[in-house]
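See below for the structure under consideration.
Order of appearance sets the numbers: ligands from 1, and atoms from 1 within every ligand.
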Amino acid sequence: MGKLRDSNHDGAARTGYRTCPLCEATCGLEVTVSPGGAIAVRGDQQDVFSRGYLCPKGVALGEVHTDPDRLRAPLVRRGRSWTEVSWEEAFAEVRRLLTELVTAHGRDALGVFVGNPVVHNLAAGLYLPVLLRALGTSNRFTASTVDQMPKQVASGLMFGTEFSVAVPDLDRTDFLLVLGANPMTSNGSLLTAPDMPGRLRALRRRGGRLVVVDPCRTRTAAVADEHLPIRPGTDALLLAAMAHTLFQDGLVDPGPAEPHLAGLDELREALRPFTPDAVAPVCGVPEGTVRRLARELAAARSAAVYGRMGTTTAAFGTATSWLIDVLNTLTGNLDRPGGVLWPKPAHGSPNVSGVPGRGRGVRIPGSRRTRVRGLPSVLGEFPVAAMAEEIDTPGPGGQRLRGLLTIAGNPVLSTPNGERLAAALETLDVMVSVDAYLNETTQYAHVILPAASPLTRSHYELAFANFAVRNVANYSPPTVPLAPQERGEAEIMLELARTALGVDLTVRDLDDKVAEDTARRLVADPGSQVFGQDPRELLAAVDGDRFEDRLLDLLLRAGPYPGLTLDVLRQEPHGVDLGPLQPRLPEVLRTPSGRVELAPPQLLGEAERLAEHLAERRAELATGAAAQGLVLVGRRQLRSNNSWMHNVPLLARGSNRCTLQIHPDDAKRVGAVEGEPVLVRSRVGEVRVAAELTDAVMPGVVCLPHGWGHGRPGTRGRVAAANPGVNSNALTDEAPVDPLSGTSVLNGIPVEVLPVPSQATT
Ligand SMILES: Nc1nc2c(c(=O)[nH]1)N[C@H]1C(S)=C(S)[C@@H](COP(=O)(O)OP(=O)(O)OC[C@H]3O[C@@H](n4cnc5c(=O)[nH]c(N)nc54)[C@H](O)[C@@H]3O)O[C@H]1N2
Ligand SMILES: Nc1nc2c(c(=O)[nH]1)N[C@H]1C(S)=C(S)[C@@H](COP(=O)(O)OP(=O)(O)OC[C@H]3O[C@@H](n4cnc5c(=O)[nH]c(N)nc54)[C@H](O)[C@@H]3O)O[C@H]1N2
Ligand code: SF4
Ligand SMILES: [Mo]
């Protein structure tokens, strides 16, 4: 690498402590900037949660900061060429484009796609709702419907809010059953726990048991006591049969949660079709193993069942997420130390606000429908699988999505049938992106507003405090100052909101109004510590006079830990440990009944659909019609972070290889050779990629990582282009979605694999 450009560098040496914003593990980092501008990142040994742990991505944060390809100035596109412009010019252009669009076609003609990094970004997380309200479009899409939405829907129906996800008590459990997750590599998801390798080691060292259900022998499966390969897309059947076994063997014992449960009898009825002998051949898990696993779970002193991407972005995602907590409940592990518990974030949560123990619940399905396919809205958004068709399918009078705002998202590489989306983006009248790179998605924008380096931001875990295995609060101030030409994300969103509102307010005025509204809302909330206070007094007391720090302090003051203000967190650069998770039943509930709903009608409907599916699959097996076709699943890689960190030299080496893993028996059958290209074809598309023969994947399953497919003309990312990989979402199909959650099926995609003569590739 040549000399790195550090535009924030002001010659001062500094060391700052900050929480890593790259994944859900929230490791504490010690970041040192030398007088020459070089950046060193180490694990913060004193961090109350991570105790010095970090992974290679955390180390790479310095290279993200200095990456010469990372955008520093706003860009405006004319035809195929980009011009760097001032922020004033960029916003003027956005104003012109949006005004034209909305005047001619209405607010719904503009869609919004919000990507994953927003949940790792304090300012974006706090100001996104302001922007969305101002835009007033119902065409909202996010990465949630290619991710965790099924878990949010199931938790919302059972416990009353979409944030009421019951989290494995990882540090105390005696038995962890993991389905479709690879926390040794992903570092955990909806399970915030820095140092997953250490915590899993500790589990086994104290005599605990780790069982992993996964079609692939992942790094997590490799350190487990037992690995059970499963046919993709069949976890709901396995879990239903385990619950069936508990009922049949008289092992159901919900413990102290019992008085708070509703629907136990309906649940037992609904599970009748799912006998272990019926599901075993479909799942590829022996009948005896299904029963044994259920009995082990019931016998364990404490146990936690946990599922992630392989259970959510799969057929029957919501049913699977539900059945996971059904098993936790039936075995007495819901709300039990060592089982699954609900965190209590310092800044509050929907299950902390309002009246303890009862609430409005969630409305599933939502009330709106997508125009083209009629898919229902889910928790305020539309399934992202419908985004391309909303753009490329005109309705009566040419009605369609004509504009798109993307914020921290790369849906061309991250959503199903990404190539159809790329073609659709090219036809938009208006596209504006808030992003750090000129990549496979933002290349279609007319204006790109650059996000500043993570090191320039205040940070606090707004999202992941809801999923952490300990209650911890940690605030990070900016490590380096914003350079004069940079804007923070609060300011960018407020400026966009101001544009959308078309009102003559300054950013400052609008921000004041947001803070006043927030203060008024908090003092009116009976669940908040500031209930009944004068909102003006509250505002006068807070830290700072603008943007995310002010809003965060408001939330902390209203939150469930009296005396915990931003000022307190500022004094504790390594974080404040608020202790292990505590049982919270019944106060945590926000269902209308005030009970844990084990059998809400929507989920009983899914159980019926699952029973039909089981009958069909069994009939296919009986006739031999279920011929051994291959199905595609995904994999995460330690040195990779979805689609956007492949341009960082530190990560662009070693195990990061975009290969199609295939079992040697299948390879032989289809004629695939180690290291040689194969053609992978699905209903929607095809890619050419090198085969990697390994028995780590079960026969019948092939495995390809997502987030690759770089180096396209028009993108800017020199390192990524040198090792581009292929877009796995050129193969995933936008058609099947989990009906309650609108979530795409990204695992278990039927594919064909064919050999390619090597001279046919370049
Ligand atoms: N086939 C398949 N597809 C998948 C998955 C899978 O397992 N298999 N996983 C899914 C999952 S779980 C997720 S979360 C999604 C992720 O998909 P997306 O939500 O699209 O996120 P990324 O691919 O990480 O792209 C993030 C974008 O944000 C930009 N960025 C980074 N930091 C910031 C910031 O602070 N501010 C702003 N404004 N921009 C920033 C980056 O440059 C990049 O363009 O992919 C999903 N897609
Ligand atoms: N290094 C790294 N860490 C990351 C990310 C990253 O890109 N790289 N991304 C972050 C994000 S956004 C998220 S959401 C999390 C995701 O975190 P995880 O969910 O832990 O990660 P995945 O690798 O997607 O794990 C999914 C597993 O499901 C398996 N699987 C596929 N289909 C099925 C099935 O039908 N049944 C079962 N039982 N298993 C199946 C796959 O083989 C895979 O091992 O990781 C986060 N952390
Ligand atoms: S595990 Fe996640 S939070 Fe920790 S250093 Fe790595 S990327 Fe950052
Ligand atoms: Mo994700």
Side-chain angles (χ1 to χ4, degrees), residues 19-29 41 43 47 49-50 53-61 64 69-71 113-125 128 141-149 183 185-190 192-197 308-310 312-313 384 406-416 418 433-442 448-454 456-457 461 464 489 492-493 632-636 638-647 704-708 717 727-732 743-747 749:
T19 307
C20 176
L22 295 173
C23 88
E24 301 180 35
T26 72
C27 300
L29 305 178
V41 180
D47 184 276
F49 205 7
S50 63
Y53 178 81
L54 86 173
C55 84
K57 282 183 294 174
V59 179
L61 207 52
V64 171
D69 289 330
R70 187 170 58 77
L71 302 180
F113 176 80
V114 181
N116 168 277
V118 165
V119 291
H120 299 273
N121 182 322
L122 175 66
L128 177 70
F141 306 90
T142 80
S144 291
T145 55
V146 281
D147 193 347
Q148 82 293 347
M149 189 59 100
T185 292
S186 70
N187 279 294
S189 182
L190 301 183
T192 284
D195 191 7
M196 202 50 85
R308 253 330 254 121
M309 283 297 282
T312 54
T313 54
V384 72
T406 71
I407 303 172
N410 191 359
V412 167
L413 298 192
S414 61
T415 66
S433 294
V434 184
D435 205 285
Y437 286 94
L438 176 47
N439 62 22
E440 300 74 21
T441 295
T442 59
I448 307 179
L449 303 169
S453 154
T456 63
R457 304 179 197 147
E461 288 301 334
F464 301 110
E489 234 127 330
I492 296 174
M493 298 222 179
L632 176 74
V633 300
R635 73 173 180 274
R636 278 179 162 69
L638 193 62
R639 290 171 175 272
S640 179
N641 195 29
N642 297 322
S643 75
W644 75 274
M645 287 187 72
H646 295 141
N647 205 50
L704 186 66
H706 81 284
W708 296 90
N727 182 5
S728 76
N729 284 310
L731 298 169
T732 55
T743 301
S744 298
V745 178
L746 304 176
N747 286 293
I749 311 292

Contact between Ser744 and Thr732 at the side-chain level, heavy atoms closer than 4.5 Å - yes or no? no
Within the 4.0 Å heavy-atom shell around Asn187, which atoms of ligand 3 are there? 1 (S)
Within-4.5 Å side-chain heavy-atom neighbours: Met196 and Tyr53: no
Is it the side chain, the backbone, both or neither of Asn641 that has a heavy atom closer than 4.0 Å to ligand 3? neither
Could you identify the single nearest non-hydrogen protein atom to atom 37 (C) of ligand 1 and state the distance to 0.1 Å? Glu489 OE2, 3.1 Å
How close does the nearest protein non-hydrogen atom get to atom 10 (C) of ligand 1, and which residue and atom is it? Val146 O, 3.2 Å
Which atoms from ligand 3 have a heavy atom of Leu22 less than 4.0 Å away? 7 (S)
Starting from atom 45 (O) of ligand 1, find the nearest protein heavy-atom neighbour and note its residue, name and distance. Ser414 CB, 3.3 Å
Contact check, side chains of Phe49 and Thr192, non-hydrogen atoms, under 4.5 Å: yes
Can you tell me if Cys23 has an N, O or S atom under 2.8 Å away from atom 6 (Fe) of ligand 3? no
Quick check: does Val434 get an N/O under 3.5 Å from an N/O on ligand 1? yes
Which atoms of ligand 1 have any heavy atom of Asp147 under 4.0 Å away? 12 (S), 14 (S)
Can you list the steps and then say if Met645 with Leu22 is a side chain to side chain contact (heavy atoms under 4.5 Å, CB included)? CA-CA 10 Å; Met645 287 187 72; Leu22 295 173; 3.7 Å; yes
Part of Leu746 within contact of ligand 1 (heavy atoms, under 4.0 Å): side chain
Out of Ala452, Gly634, Ala408, Ser189, the nearest non-hydrogen contact to atom 40 (C) of ligand 1 is supplied by Ala408
Backbone or side-chain N or O of Thr732 under 3.5 Å from ligand 1 N or O: no
Does Glu440 form a side chain to side chain contact (heavy atoms under 4.5 Å, CB included) with Asn727? I'd like the steps, not just the answer. CA-CA 10 Å; Glu440 300 74 21; Asn727 182 5; over 6 Å; no
For the CD1 atom of Ile492 and the CG atom of Leu449, what is their distance to the nearest 0.5 Å? 6.0 Å
How about Arg636 and Asn641: does a side-chain donor come under 3.5 Å of a side-chain acceptor? no
If the cut-off is 4.0 Å to any non-hydrogen atom of Gly409, which atoms of ligand 1 fall inside it? 20 (O), 27 (C), 28 (O), 44 (O)
Which residue and heavy atom of the protein sit nearest atom 33 (C) of ligand 1, plus the separation: Pro117 CB, 3.7 Å
So, the side chain of Asn747 versus the backbone of Gly634: is there a donor-acceptor pair under 3.5 Å, distance only? yes
Using side-chain heavy atoms (C-beta onward) and a distance below 4.5 Å, is Thr415 in contact with Asn729? no
Could you find the nearest protein heavy atom to atom 24 (O) of ligand 1 and give me its residue, atom name and distance? Trp644 CD1, 3.0 Å
Any Val384 side-chain heavy atom under 4.5 Å of Thr142 side chain: no
For ligand 1, is there an atom lying under 4.0 Å from some heavy atom of Asp435? yes
Which ligand 1 atoms are under 4.0 Å away from a heavy-atom of Asn439? 43 (C), 44 (O)
Please report which non-hydrogen protein atom sits nearest to atom 4 (C) of ligand 1, along with the residue it belongs to and the distance in Å to one decimal place. His706 CD2, 3.4 Å
Whether Ser728 lies under 4.0 Å from ligand 1, heavy atom: yes
Using a 4.0 Å cut-off to any heavy atom of Cys20, which atoms of ligand 3 qualify? 3 (S), 5 (S), 7 (S), 8 (Fe)
Out of curiosity, is Arg636 lining ligand 1, as in a heavy atom under 4.0 Å away? yes
Is the contact between Asn116 and ligand 1 made by the side chain, the backbone, both, or neither, using heavy atoms and a 4.0 Å cut-off? both
Heavy-atom check, side chain of Asp47 versus side chain of Cys27, under 4.5 Å: no
Identity and separation of the nearest protein heavy atom to atom 1 (N) of ligand 1: Asn729 OD1, 2.9 Å
Taking only heavy atoms of Met309, which atoms of ligand 1 are found under 4.0 Å from at least one of them? 5 (C), 6 (C), 7 (O), 9 (N), 10 (C), 12 (S)
His120 contact mode with ligand 1 (heavy-atom cut-off under 4.0 Å): neither
Distance only, no hydrogens: is a donor on one side chain within 3.5 Å (strictly under) of an acceptor on the other, for Arg308 and Thr312? yes
Answer yes or no: does an N/O atom from Ser643 fall short of 3.5 Å to an N/O atom of ligand 1? yes
What are the atoms of ligand 1, with element, lying closer than 4.0 Å to any heavy atom of Ala143? 19 (O)
Determine whether Leu746 and His706 make a side-chain contact, defined as any pair of heavy atoms from C-beta on separated by less than 4.5 Å. no
Under the side chain to side chain contact (heavy atoms under 4.5 Å, CB included) rule, what do Gln148 and Ser189 come out as? Steps first, then yes or no, please. CA-CA 9 Å; Gln148 82 293 347; Ser189 182; over 6 Å; no
For Arg457 and Asn121, what are the C-alpha separation, side-chain angles and deciding distance, and is it a side chain to side chain contact (heavy atoms under 4.5 Å, CB included)? CA-CA 8 Å; Arg457 304 179 197 147; Asn121 182 322; 3.5 Å; yes
Atoms of ligand 3 under 4.0 Å from any heavy atom of Thr26, numbered from 1 in the order shown, are 3 (S)
Which label fits His646 and Trp708: parallel for a plane angle under 30°, tilted from 30 to 60°, or perpendicular past 60°? parallel
Heavy-atom contacts with Gly115 under 4.0 Å: which atoms of ligand 1 show up? List them by number with element. 19 (O)
Side-chain heavy atoms of Thr406 within contact of Phe141, under 4.5 Å: no
Looking only at distances, please establish whether an N/O atom of ligand 1 is found under 3.5 Å from an N/O atom of Arg457. yes
